[in-house]
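Shown next, in structure tokens, is the structure this report addresses.
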Amino acid sequence: MTVPKITAILTLIGVMCVDSVMSLSIPVIYTTGTHYQVGHDMGSTFTGRIQDYHRRSSELNDVLKPFYKTQKGRDVYNALLNVTNSTLPQFIDEIQGIADGANVPFYEVFLLEIRSEIKLLLKQLTESECSDIALNFVDQKTQKQWTVQAHNEDADPLIGEYGYLTIAHIIDPDGHYPEEQFTAYTYPGYLPGNAFGFNSAGMFFTVNAVFPKEVETTMIPRYLANRLLLSAKSVEEVFQILNKYNSASGFSLNFGSSVESAGNQLLYNVEVGPGSKQYSNMSVALANNKQDGHYYHFNMYKHLQVPQFNSTSTQHRDARAAKLPVPGNLKGIFDILGDTADPDYPIYRNGKGKDRAATIATGVFDLINGTMSVYMDNPKTSDGPVIVIPLPNPNKSSTYNKFPHKTRNHSHTKENEV
């Protein structure tokens, strides 16, 4: 018997941004089911957004699809598809669900999942360059603790028009794959995990693009690795995943756990390179001064020694942040993430001039208050977030527990190529 579809959608607020880059609202989808069913729910719920994005995306139509039509492009595509299908078939199911639900070709969805690898091979840097600030210190005057991970999600402005939040509960009735519950900012028609989000175990994640010069097409695409990490139930499991699954390209991962006690909080940064078990890690421990209790990350490797392309925007944003006061509270963080002083490559980006990317959302994980807040405009001047979601806490009931846990029967086929 087929169980009725369990999907809900909520749209929040509706004020337009001054620059008209995006609306100050974000759709939220609540969905439960298998990997395929959750993917299908995302695709069918946001069919218009996903189809419009595919139609309007110059990256997809002018870069990725022409590359796919070459022999080298088809070889790269098939290699990355085959390694994903053999190691993480549940996410191929999820991608197939997105494609079927949105009525777009599977190969286009998968091309977007391997965009990082393709553009590195073409020596084209993506616009997905983000800014992160970690703050973990106790103000000695007020004795107030600040443990915050804040993230500017920077991308093609078009993604900002069509992005959404996914709140998902994934259950495999056959028991082949672990149960997942997560909340994540999601690009239109992409797998969740490559931006910012958290899961029911209290693990939260933000991701920065980096640009290694090498690509290993026999290993897992970066976005698939990000999706897998979203399922990690502990800090230890993050490192187990990094040791077991190697990335085709690279990324910088910022993460931590909301279920740790305040005095034991650590904010982690891991830089992952292409190839076998190639990563480095550092952490920001609770400090008695803000100088020792903060960390910035942009879009170049800082501690993993791998050959990389220069990012002019990163160099500008890094230099500008160094000139601003070290943050000692949320306002100080927003003064940096919302800074627009650099006319060519500002920290808070508008997609104009030399800098093609826009800051499409800002995610703030406040571990003391136990919340994830999402801002759709400049947090420095904003009236406030469009949504605030409680993070899992062992002393409080989780919002996930109120969501129905059911699955639906389904059948589908996997599409390898067109």
*Closest approach of Pro327 and Ile133, non-hydrogen atoms and distance?*
CG-CG2, 4.2 Å
*Side-chain contact, heavy-atom cut-off 4.5 Å: Arg55 with Asp52?*
yes
_Would you say that more than 12 heavy atoms from the other residues, nucleotides or ligands in this model lie under 6.0 Å from the CD of Glu214, or not?_
no
_Testing the 3.5 Å rule here: is there a donor-acceptor pair between the side chains of Asn82 and Asn85?_
no
*Start with the C-alpha gap between Gln143 and Asp139, add the side-chain angles, then the distance that decides, and say whether side chain to side chain donor-acceptor pair (under 3.5 Å) holds.*
CA-CA 5 Å; Gln143 291 301 301; Asp139 188 316; over 6 Å; no
*Counting only heavy atoms not in Lys144, do more than 12 fall under 6.0 Å of its NZ?*
yes
*Salt bridge check: are Arg49 and Glu161 linked by an N-O gap of less than 4.0 Å?*
no
*For Asp41 and Thr31, test the side chains for any donor-to-acceptor distance below 3.5 angstrom and give the result as yes or no.*
yes
*Phe298 side chain near Ser252 side chain, heavy-atom distance below 4.5 Å*: no
*Once you round to the nearest 0.5 Å, how far does CD of Gln240 lie from NZ of Lys233?*
11.5 Å
*Side-chain donor-acceptor pair under 3.5 Å between Thr371 and Asp366, yes or no?*
no
*Just checking, any donor-acceptor pair under 3.5 angstrom between side chains of Tyr295 and Tyr268?*
no
*Criterion salt bridge (Lys or Arg N to Asp or Glu O under 4.0 Å) on Asp339 and Arg320, from CA distance to verdict*: CA-CA 9 Å; Asp339 187 80; Arg320 176 59 185 165; 2.8 Å; yes
_Working for side chain to side chain contact (heavy atoms under 4.5 Å, CB included), residues Val284 and Leu266_ = CA-CA 6 Å; Val284 180; Leu266 291 174; over 6 Å; no
_Residues Phe334, Tyr375; criterion ring pair (Phe, Tyr, Trp, His ring centres under 6.0 Å); working and verdict_ = CA-CA 11 Å; Phe334 289 165; Tyr375 293 77; 5.1 Å; yes
*Find out whether Asn136 and Trp146 are in side-chain contact, i.e. whether some heavy atom of one side chain is under 4.5 Å from a heavy atom of the other.*
no
_Is it true that His169 and Glu179 share a donor-acceptor pair across their side chains at a distance under 3.5 Å?_
yes
*Assess the side chains of Asn299 and Ser311: does a donor N or O sit below 3.5 Å from an acceptor N or O?*
no
*Taking side chain as C-beta onward, heavy atoms only, is Leu111 less than 4.5 Å from Lys65?*
yes
*If we only count heavy atoms from C-beta on, is the Thr32 to Ile171 side-chain gap below 4.5 Å?*
yes
*Where Asn194 and Val207 come nearest, the two heavy atoms and their spacing*: O-CB, 3.6 Å
*Heavy-atom pair with the smallest gap, counting every atom of Ile159 and Pro188*: CG2-CD, 3.8 Å
*Start with the C-alpha gap between Thr186 and Phe46, add the side-chain angles, then the distance that decides, and say whether side chain to side chain contact (heavy atoms under 4.5 Å, CB included) holds.*
CA-CA 11 Å; Thr186 308; Phe46 297 117; over 6 Å; no
_Side-chain H-bond candidate by donor/acceptor type, Arg317 with Tyr296, under 3.5 Å_ = no
*Verify, without hydrogens or angle tests, whether Ser231 (side chain) and Leu228 (backbone) share a donor-acceptor contact under 3.5 angstrom.*
yes
*Does the side chain of Glu117 come under 3.5 Å of the side chain of Ser249 through a donor N or O and an acceptor N or O?*
yes
*asked:* Could you check whether any side-chain heavy atom of Glu59 comes within less than 4.5 Å of a side-chain heavy atom of Lys119, counting everything from C-beta outward?
replied: yes
*Can you tell me if Gln315 and Ser313 form a side-chain donor-acceptor pair at under 3.5 Å?*
no
_Any non-hydrogen side-chain atom of Asn199 less than 4.5 Å from a side-chain atom of Glu180?_
no
*Could you tell me whether the side chains of Asp172 and Thr34 share a donor-acceptor contact shorter than 3.5 Å?*
no
*Identify the heavy atoms of Glu113 and Leu224 that sit nearest to each other, and give their distance.*
CB-CD2, 4.1 Å
_Please check this pair: side chain of Ser257 against backbone of Val259, looking for a donor-acceptor N/O pair closer than 3.5 Å._
yes
*Glu271 side chain to His297 side chain, donor-acceptor N/O pair below 3.5 angstrom*: yes
*asked:* On a heavy-atom basis, which atom in Pro212 and which in Leu120 lie closest, and how many Å separate them?
replied: O-CD2, 3.4 Å
*asked:* Using 0.5 Å steps for rounding, measure from the CD atom of Glu108 to the CG atom of Asn61.
replied: 7.0 Å
_Expected output: side-chain Gln140 to main-chain Asn289 donor-acceptor under 3.5 Å_ = no
*Going by atom types only, do Arg74 and Asn78 share a side-chain donor-acceptor pair under 3.5 Å?*
no
*Kindly say whether Ala361 contributes a backbone atom to a donor-acceptor pair with the side chain of Thr359 at under 3.5 angstrom?*
no
_Partner of Tyr185 under ring-ring contact (aromatic ring centres under 6.0 Å, His included), chosen from Tyr162, Tyr164, Phe196_ = Phe196
_Polar side-chain atom of Thr47 near backbone of Ser44 as donor-acceptor pair, under 3.5 Å_ = yes
*What distance do Met219 atom CE and Leu80 atom CG have between them, rounded to the nearest 0.5 Å?*
11.5 Å
*asked:* Distance check, rounded to the nearest 0.5 Å: Glu129 atom CD versus Asp355 atom CG?
replied: 7.5 Å
*Are the side chains of Thr362 and Glu153 in touch, meaning some heavy atoms are under 4.5 Å apart?*
no
*Should the ring pair Phe110 and Phe106 be called parallel, tilted or perpendicular, given that the plane angle runs from 0 to 90° and is split at 30 and 60?*
parallel
*asked:* For a quick check under 3.5 Å, do His303 and Asn269 share a side-chain donor-acceptor pair by atom type?
replied: yes
*Rounded distance (nearest 0.5 Å) linking atom CG of Asp342 with atom CZ of Arg349*: 10.5 Å
*Starting from the C-alpha separation in whole Å, work towards a yes-or-no answer on side chain to side chain contact (heavy atoms under 4.5 Å, CB included) for Tyr36 and Asp100.*
CA-CA 9 Å; Tyr36 176 83; Asp100 291 349; 2.7 Å; yes
*asked:* If I compare all heavy atoms of Leu304 with all of Val272, which pair ends up nearest, and what's the gap?
replied: CD2-C, 3.9 Å
*Does NZ or CZ of Lys72 come closer than 6.0 Å to the centre of the six-membered ring of Phe67, within 45° of the ring's axis?*
no
*Under the side chain to side chain contact (heavy atoms under 4.5 Å, CB included) criterion, do Lys290 and Val326 qualify, and how do the steps go?*
CA-CA 7 Å; Lys290 59 186 180 181; Val326 173; 3.9 Å; yes
*Could you tell me whether Phe205 and Phe198 have their ring centroids closer than 6.0 angstrom?*
no
*Do His35 and Phe91 have ring centroids that are under 6.0 Å from one another?*
yes
*Distance (rounded to the nearest 0.5 Å) between Phe239 CZ and Ser234 OG*: 10.0 Å
*Is the closest side-chain donor-acceptor distance between Asp132 and His151 under 3.5 Å?*
yes
